Amino acid sequence: MLIDKIIQELQEIPEERLAEVYNLIHDFRLGLNVENPQPRTPGLLTGKLGDAFFEPLPEDELQQWE
């Protein structure tokens with residue numbers, strides 16, 4: 001199994017470097033559950049308005065202008 005190969009590799013890492021490996025794995029795992037919405041990009045279509053222009057702004061963007 002792949003998990004066994006990973007464990008074998010981990011056993012070869014010096015103790016003082018394991019914290020770095022743990023942080024890498026932990027951050028990677030947490031990132032698997034995060035959705036990355038595409039940010040709004042003003043001026044995407046030079047000289048033309050895309051359909052996104054006519055969509056209402058999200059509430060969190062509207063609150064930034066208050």
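All of these numbers come straight from a predicted model, not from anything done at the bench.
- Apart from Y22 itself, the hydrophobic cluster it occupies contains nothing, where clustering links Ile, Leu, Val, Met, Phe, Trp and Tyr at side-chain heavy-atom distances under 4.5 Å.
- In terms of the side chain to side chain contact (heavy atoms under 4.5 Å, CB included) criterion, residue partners of I7 (sequence neighbours excluded) are, by chain and number, I3, Q11.
- If you chain together ILVMFWY residues whose side-chain heavy atoms come under 4.5 Å of each other, L18 ends up grouped with L2, I6, L10, I13, V21, I25.
- Listed by chain and number, the residues in a side chain to side chain contact (heavy atoms under 4.5 Å, CB included) with E59 are L62, Q63 (sequence neighbours excluded).
- Taking L24 as the reference, nothing meets the side chain to side chain contact (heavy atoms under 4.5 Å, CB included) condition, with sequence neighbours excluded.
- E20 is linked by a side-chain hydrogen bond (donor to acceptor under 3.5 Å, both in side chains) to R17, counting only residues two or more places apart in sequence or in another chain.
- Residues satisfying the side chain to side chain contact (heavy atoms under 4.5 Å, CB included) test with P58, not counting sequence neighbours, are R40, D60, E61.
- Residues near L30 contribute nothing to a hydrophobic cluster around it, because no ILVMFWY side-chain heavy atom sits closer than 4.5 Å to its side chain.
- Counting Ile, Leu, Val, Met, Phe, Trp and Tyr side chains that sit under 4.5 Å apart, directly or through other members, F28 shares a hydrophobic cluster with L32.
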